[in-house]
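For reference, the structure discussed in these notes is given below.
Predicted, not measured: the structure shown is a model, and the values here were computed from it. Both backbone and side-chain heavy atoms feed into the values below; hydrogens, waters and symmetry mates do not.
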Amino acid sequence: MTPDEPATPGADDTGGGDRVFRVLVVPGVNPDRWLRVWRERLADVPLELVVVEPPDAEPALRAGDADVAILRLPVDRDALSAIPLYTEETVVVAARDHVFSVAEQVTPADLADETVVRPDDDLVGWTDAPGEPFAGGPVATTADAVDLVAAGIGVVLLPQSVARLHHRRGLVSRPVTDAPGSVVALTWLTDTHDDLTEEFIGIVRGRTAASSRGRGAADASRAGGAGRTGTGDRRAADASSPGSGRSASTTAGTSGKKAGASGKGGASGKGGGTSAGRPQRGGPARSSGRGRRRGR
C-alpha cells in the first residue's frame, strides 16, 4: 500500500473491523476491573482473555498470542516493556496438622528445619530460601508440589493468590516475614506498541478517558469538540430562526436594553445609552445624585 492509498477499513491497528485486543494472564491474576473499564470505554473493540501457565506466558506473548500480558517478573527486558503493578505477599503452604497451622505468621528461621518443595515453575524466586530441598526428584508444576504437601511431604512457598487457587481442606497457608514478594507486571512487546496498547496501559494506571494517551483520548476529544460546536450552533439557530420571532441582532438589542435600563437616580435613565449598561455601585453618576439629595 502506498502512502497515498487509504487504509482498508478494519485492517488498522487502532480498532474497528475484525480487530480483537487480547490480554494474557497467569493464574492468580484478576484483571476483571480493567476489562470492565475497557468494555465501557472501547465497546467497538472486542477484548479476549487468554489464560496460560506461568512458564508459557512470555513465549506466548512473543509469539503474538496476545497484545499485552499481566504476568510475574522477571521477563526479558530487551524485547519486552514492563510496568510493575503490585508486589504479592509470599506464603508457606503446609498440611493442616503442621505446627505452622497454629502460627499467625512464619519467619525464615522457622523454615530452616523444613523440607521445602520447589517446583520447576517456581513463582517466588527465593533462590536462597531457608530449609532443606526436597530430595525426591524434580517436581514439574506448582500443582504437583501442592499435592506432595497435602500428602504430608514438606512445605511449598507460593504467592498468596496462587495459594488461594490451590487451597483445599487439608492445607493451611501463613505469610512469611522478610520473604521476597512476587512482582506482577503489565508487559508487551516493545515493537508492537500501538494506540490500543496505550489505552490499556492508561486503564491499568487509572487514567480517565479524557486523560488517556491512547485511542480513547482522540475519541473523547472529538466528542467534546462536537458537543461544544453543537451548542454554539443551536444558540445561533435559536436566535435567527423564523419561528423565534426575532433575529440575532434583535436579541442583542433586547439584552442591551435590559442591561442599560436604569433604576431611580440612575445615570442611564435619561440620555444614558442603553448599550453602556448600568453604572457600577459607587460610580460617579450615582454618587453625585445622592449628594444633591442630601444637600437639599
Side-chain angles (χ1 to χ4, degrees), residues 23-31 50-63 65-66 68-95 98 100 103-150 153-168 171-190 204:
V23 180
L24 182 149
V25 297
V26 295
V29 171
N30 183 3
V50 181
V51 182
V52 300
E53 292 301 318
D56 302 326
E58 186 173 337
L61 182 60
R62 287 174 172 271
D65 294 343
V68 299
I70 305 174
L71 44 69
R72 291 183 174 84
L73 298 181
V75 295
D76 179 7
R77 299 299 287 268
D78 291 335
L80 300 177
S81 298
I83 300 174
L85 302 178
Y86 58 90
T87 300
E88 197 168 352
E89 186 177 41
T90 295
V91 301
V92 58
V93 178
H98 194 283
F100 288 167
E104 292 186 0
Q105 59 185 18
V106 174
T107 67
D110 295 331
L111 296 170
D113 297 328
E114 298 294 329
T115 297
V116 179
V117 182
R118 185 176 181 182
D120 293 343
D121 63 353
D122 176 42
L123 303 177
V124 174
W126 193 0
T127 55
D128 57 349
E132 296 295 327
F134 174 64
V139 180
T141 67
T142 294
D144 294 336
V146 173
D147 287 341
L148 289 172
V149 171
I153 302 174
V155 298
V156 62
L157 300 168
L158 298 174
Q160 187 177 53
S161 66
V162 178
R164 290 195 187 105
L165 285 177
H166 291 280
H167 178 72
R168 58 186 75 172
L171 298 176
V172 295
S173 64
R174 296 292 183 266
V176 181
T177 62
D178 301 320
S182 173
V183 180
V184 175
L186 173 64
T187 60
W188 63 92
L189 279 171
T190 304
V204 169

Report task. Decide side chain to side chain contact (heavy atoms under 4.5 Å, CB included) for Leu111 and Trp126; before the verdict, give the C-alpha distance in whole Å, the side-chain angles of both, and the deciding distance to 0.1 Å. Result -> CA-CA 13 Å; Leu111 296 170; Trp126 193 0; 4.3 Å; yes
Query raised in the report: Of all heavy-atom pairs between Leu165 and Gly28, which one has the smallest distance, and what is that distance?
Result: CD1-N, 3.2 Å
**Report entry** Minimum heavy-atom distance Pro108-Asp178, with the two atoms named
**Finding:** CG-CB, 4.2 Å
Requested in this report: Give the intermediate values and the outcome of side chain to side chain contact (heavy atoms under 4.5 Å, CB included) for residues Val68 and Thr187.
Outcome: CA-CA 6 Å; Val68 299; Thr187 60; over 6 Å; no
Query raised in the report: Is there a side-chain contact between Val52 and Leu24 (heavy atoms, below 4.5 Å)?
Result: yes
Query raised in the report: Quick one: are Thr190 and Ser81 in side-chain contact, heavy atoms under 4.5 Å?
Result: yes
Query - Between OG on residue Ser161 and OH on residue Tyr86, distance to nearest 0.5 Å - result: 6.0 Å
Query raised in the report: Under a 4.5 Å cut-off applied to non-hydrogen side-chain atoms, are Arg118 and Val139 in contact?
Result: no
Query - Which atom of Asp120 lies closest to which atom of Pro138, heavy atoms considered - result: OD2-CB, 4.4 Å
Query raised in the report: So do Val106 and Thr177 actually touch side chain to side chain, heavy atoms under 4.5 Å?
Result: no
Query raised in the report: Once you round to the nearest 0.5 Å, how far does OG of Ser173 lie from NE2 of His167?
Result: 7.5 Å
Requested in this report: Could you tell me whether Asp110 and Arg174 make a salt bridge, using a distance below 4.0 angstrom between a side-chain N and a carboxylate O?
Outcome: no
Query raised in the report: Is a side-chain donor or acceptor of Glu88 paired with a backbone partner of Val183 at a separation under 3.5 angstrom?
Result: no
Requested in this report: Run the numbers on Glu53 and Thr141 for side chain to side chain contact (heavy atoms under 4.5 Å, CB included), then give the verdict.
Outcome: CA-CA 10 Å; Glu53 292 301 318; Thr141 67; over 6 Å; no
Query raised in the report: Is it true that atom CD of Glu132 has more than 12 heavy atoms of other residues, nucleotides or ligands lying nearer than 6.0 Å?
Result: no
Requested in this report: Starting at CZ of Phe134, measure out to CG of Leu148 and round the result to the nearest 0.5 Å.
Outcome: 5.0 Å
Report task. Evaluate the side-chain proximity of Val25 to Leu71: yes if any heavy-atom separation is below 4.5 Å, no if none is. Result -> no
Requested in this report: For residues Arg72 and Val184, report the shortest heavy-atom separation together with the two atoms involved.
Outcome: CG-CG2, 4.2 Å
Report task. Hey, could you give me the CG/CD1 distance between Leu85 and Ile83, rounded to the nearest 0.5 Å? Result -> 7.5 Å
Query raised in the report: Are Ile70 and Val26 close enough that some pair of their side-chain heavy atoms sits under 4.5 Å apart?
Result: no
Query raised in the report: What pair of heavy atoms forms the shortest contact from Leu61 to Ala69, and how long is it?
Result: CD2-CB, 3.9 Å
Query raised in the report: Taking atom types as modelled, is there a side-chain donor on Asp121 or Thr142 under 3.5 Å from an acceptor on the other?
Result: yes
Query - Side-chain heavy atoms of Val176 within contact of Leu157, under 4.5 Å - result: yes
Requested in this report: Please step through side chain to side chain contact (heavy atoms under 4.5 Å, CB included) for the pair Leu158 and Val146, ending with a clear verdict.
Outcome: CA-CA 10 Å; Leu158 298 174; Val146 173; 4.1 Å; yes
Query raised in the report: side chain to side chain donor-acceptor pair (under 3.5 Å) between Gln160 and Thr90: does it pass, once the steps are laid out?
Result: CA-CA 6 Å; Gln160 187 177 53; Thr90 295; over 6 Å; no
Report task. For residues Pro74 and Glu58, report the shortest heavy-atom separation together with the two atoms involved. Result -> O-OE1, 4.4 Å
Query raised in the report: Above 12 or not: heavy atoms from other molecules or residues under 6.0 Å from CG of Asp113?
Result: no
**Report entry** Non-hydrogen side-chain atoms of Val117 and Val155 separated by less than 4.5 Å
**Finding:** no
